[in-house]
Amino acid sequence: MVSKFPHLRQDFLASIVVFLVAVPLCVGVAVASGVPAELGLITGIVGGIVTGLLPGSSLQVSGPAAGLTVLVFEAVTEFGVATLGVIVLLAGVLQLAMGFLGIGRWFRAISVSVVEGMLCGIGLVIIAGQIYAAAGLKAPESGLGKIAGLPGAFVDAFGSTEALTSLAIGAGTIAVIVLWKRMPRAVRTVPGALAAVVLATVVTLAFGLPVATVQVEGLLGVVQPPGADAFGELASPAIWGTIIAFALIASAESLFSAAAVDRLHNGPRTEYNKEMIAQGAGNTLCGLLGALPMTAVIVRSSANVSAGAKTKASRVLHGVWLLLFAAAMPWALALIPIPALAGILVHAGWKLIPFRQITALWRAHKGEALILVVTAVSIVAVNMFEGVLIGLALSVVKTAWEASHVKLEVIDKGAGPIQVYLAGNATFLRLPKILDSLEALPQDRPVELDLSGLHHLDHACRTALENWAARHSATGTEPVKVTRAEAAPDGEKVTAA
């Protein structure tokens with residue numbers, strides 16, 4: 001047995017650690033998404049057993065992610081829990097198609113600033129929303145509303161004993177998670193989030209505190225395969241934007257997580273297209289069960305690597321433990337205080353905000369830092385999908401602008417021809433600058449235009465230079481003499497012919 005599975009002991013122990021990390025996160029993400037807690041566990045089970053068995057990445061772990069909480073909550077609010085399964089199902093099918101078409105590896109080309117900005121925006125919305133949950137208050141629907149309403153929420157909370165008690169449980173949960181890292185190593189074998197939830201539950205029960213707890217319906221009671229009415233929602237164009245958002249954001253988060261996990265171990269590298277197929281298969285099944293969408297999640301994945309996992313057996317076993325827990329101990333969920341779960345998610349949201357990356361980017365690449373901030377603000381102000389699109393559009397514009405960098409130098413010695421040197425990439429984006437400089441040259445002086453330093457001359461610039469040369473020579477001045485750029489096609493010259 002040992003020779004057949006040489007790493008069974010390491011994988012078994014790692015699976016226990018990942019299971020203990022996953023339980024509070026699966027439940028917390030589900031509650032924050034506005035769906036029954038058991039749906040989070042179902043997604044964790046599918047992510048462990050189904051996606052875990054498929055090829056792609058050997059050590060990263062999949063399940064419900066805090067990064068999709070905002071998007072799922074918006075979808076549930078707009079379309080209802082019954083339609084969530086259809087959205088997740090079709091998002092999974094899209095992921096399968098992208099994987100089979102070989103698109104998975106292209107997600108590595110997405111600007112890191114956009115991804116960091118996406119995580120930052122998600123983190124801000126999660127923190128703001130979960131503060132309301134920790135106080136037992138109803139949160140506004142929009143991201144801006146959540147943040148703008150916080151002062152009023154605190155005023156309301158301080159006027160209510162129950163709200164203050166609930167906030168204290170949430171704040172205590174965060175304190176335990178933060179301070180847990182300073183505990184002795186033997187104690188830290190229990191994950192901080194699990195310890196915080198257990199302590200919050202014990203305190204709530206021991207003192208009979210008036211705080212809300214998780215509502216339990218039973219594992220089979222929450223499984224709702226999409227019905228005809230849910231599929232009927234596909235006639236609405238709005239739902240397709242949500243489906244595409246689910247597929248793209250879940251894929252990006254999974255593949256960026258895979259790249260991060262690969263840096264943590266020396267085992268087999270991730271095969272991105274196969275990982276995309278594995279994620280798509282998992283989300284397709286989650287959709288059929290009416291559960292939450294899944295992504296690969298860095299917290300559980302890093303815990304898996306740190307615990308000594310060697311093969312995919314650890315993530316599969318963690319799914320088995322989740323299944324046994326959900327089937328045998330559903331009553332345990334009903335004891336968990338909701339503000340404790342809110343505290344876990346506030347801490348998770350804080351970790352999503354890339355403080356160090358923003359500072360480093362601002363020092364080295366202010367344009368990238370601006371994209372990160374604009375993406376985050378757009379997600380808070382508008383919504384997840386449109387915020388990411390705004391970030392991607394800014395990234396493309398910035399890249400195009402930098403790619404069109406051109407240097408223009410004019411040398412006028414007072415007598416003889418004026419010498420003009422162009423170097424870099426002459427594209428339509430910099431055409432106004434080029435023409436302004438050329439048209440400012442004296443009309444009665446000959447000009448020598450040196451294009452040999454150009455790496456690229458697009459059609460718009462070439463045509464504009466030809467027209468300018470013709471106009472400059474029309475007054476009887478000598479024709480503009482051009483030193484051709486070697487990259488110009490077919491020996492073309494810009495002349496006043």
Side-chain angles (χ1 to χ4, degrees), residues 29 43 47 51 56-57 60-72 74-75 87-88 90-123 125-126 241-263 270-284 286 292-302 348-349 351-354 357 368 371-372 374-376 378-379 382-396 399:
V29 169
T43 299
T51 303
S57 176
Q60 81 167 353
V61 181
S62 298
L68 286 179
T69 302
V70 176
L71 193 60
V72 175
E74 291 174 355
I87 296 173
V88 177
L90 291 181
V93 172
L94 276 179
Q95 287 182 301
L96 286 171
M98 289 190 289
F100 284 118
L101 292 173
I103 297 174
R105 61 192 181 91
W106 288 101
F107 276 83
R108 289 181 291 177
I110 296 176
S111 167
V112 174
S113 298
V114 175
V115 176
E116 297 285 5
M118 178 186 77
L119 296 176
C120 183
I122 292 168
V125 176
I126 288 174
T242 303
I243 291 169
I244 293 170
F246 269 53
L248 295 182
I249 292 172
S251 299
E253 190 168 337
S254 294
L255 298 183
F256 274 96
S257 171
V261 173
D262 279 351
R263 291 195 292 269
T270 297
E271 297 180 67
Y272 284 87
N273 291 321
K274 289 183 179 179
E275 180 62 18
M276 178 78 85
I277 293 170
Q279 294 295 324
N283 273 321
T284 301
C286 285
L292 289 173
M294 76 165 59
T295 73
V297 275
I298 190 64
V299 174
R300 273 155 274 184
S301 301
S302 59
K351 292 177 70 175
L352 288 176
I353 302 175
Q357 289 87 334
E368 293 293 328
I371 290 172
L372 189 157
V374 170
T375 302
S378 299
I379 287 173
V382 190
N383 59 45
M384 169 92 77
F385 186 45
E386 293 177 16
V388 170
L389 289 181
I390 290 170
L392 288 173
L394 271 180
S395 181
V396 170
T399 302

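- In this structure, Leu372 and Pro354 approach most closely via the heavy-atom pair CD1-CG, 4.4 Å.
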Original post:
Under the side chain to side chain contact (heavy atoms under 4.5 Å, CB included) criterion, do Leu68 and Ile249 qualify, and how do the steps go?
Top reply: CA-CA 8 Å; Leu68 286 179; Ile249 292 172; 3.8 Å; yes

Subject >> Stepwise side chain to side chain contact (heavy atoms under 4.5 Å, CB included) check, Ile126 with Val70 >> reply: CA-CA 7 Å; Ile126 288 174; Val70 176; 4.1 Å; yes

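- The two residues Val88 and Cys286 have their closest heavy-atom pair at CG1-CB, 4.0 Å.
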List the atom pairs, with distances to 0.1 Å, where a side-chain N or O of residues 90-98 and a protein N or O form a donor-acceptor pair under 3.5 Å, not counting sequence neighbours.
from: Gln95; atom 1: OE1; to: Asn283; atom 2: ND2; distance (Å): 2.7
from: Gln95; atom 1: NE2; to: Ser251; atom 2: OG; distance (Å): 3.0

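- Here Leu255 contributes atom CG and Asn273 contributes atom CG; the two are 8.5 Å apart, rounded to the nearest 0.5 Å.
- For the residue pair Ser254 and Ala296, the shortest heavy atom distance occurs at OG-N, 3.0 Å.
- Between Ser57 atom OG and Asp262 atom CG the span is 5.5 Å, to the nearest 0.5 Å.
- None of Gln279, Glu275, Arg300 except one satisfies the side-chain hydrogen bond (donor to acceptor under 3.5 Å, both in side chains) rule with Ser62; the exception is Gln279.
- By the side-chain hydrogen bond (donor to acceptor under 3.5 Å, both in side chains) test, Lys351 pairs with no residue at all, sequence neighbours left out.
- Thr51 OG1 to Ile277 CD1: the interatomic distance, rounded to the nearest 0.5 Å, is 12.0 Å.
- The two residues Val297 and Pro64 have their closest heavy-atom pair at CG1-O, 4.0 Å.
- At least one donor-acceptor pair closer than 3.5 Å links the side chain of Ser378 to the backbone N or O of Val374.
- A distance of 12.5 Å separates CE in Met276 from OG1 in Thr270, rounded to the nearest 0.5 Å.
- If you take CD on Glu116 and OG1 on Thr375, they are separated by 11.0 Å, rounding to the nearest 0.5 Å.
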Original post:
Ile122 and Met118: side chain to side chain contact (heavy atoms under 4.5 Å, CB included), yes or no, with the steps?
Top reply: CA-CA 6 Å; Ile122 292 168; Met118 178 186 77; 3.8 Å; yes

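- The structure places CD1 of Ile371 at 9.5 Å from CG of Leu392, a figure rounded to the nearest 0.5 Å.
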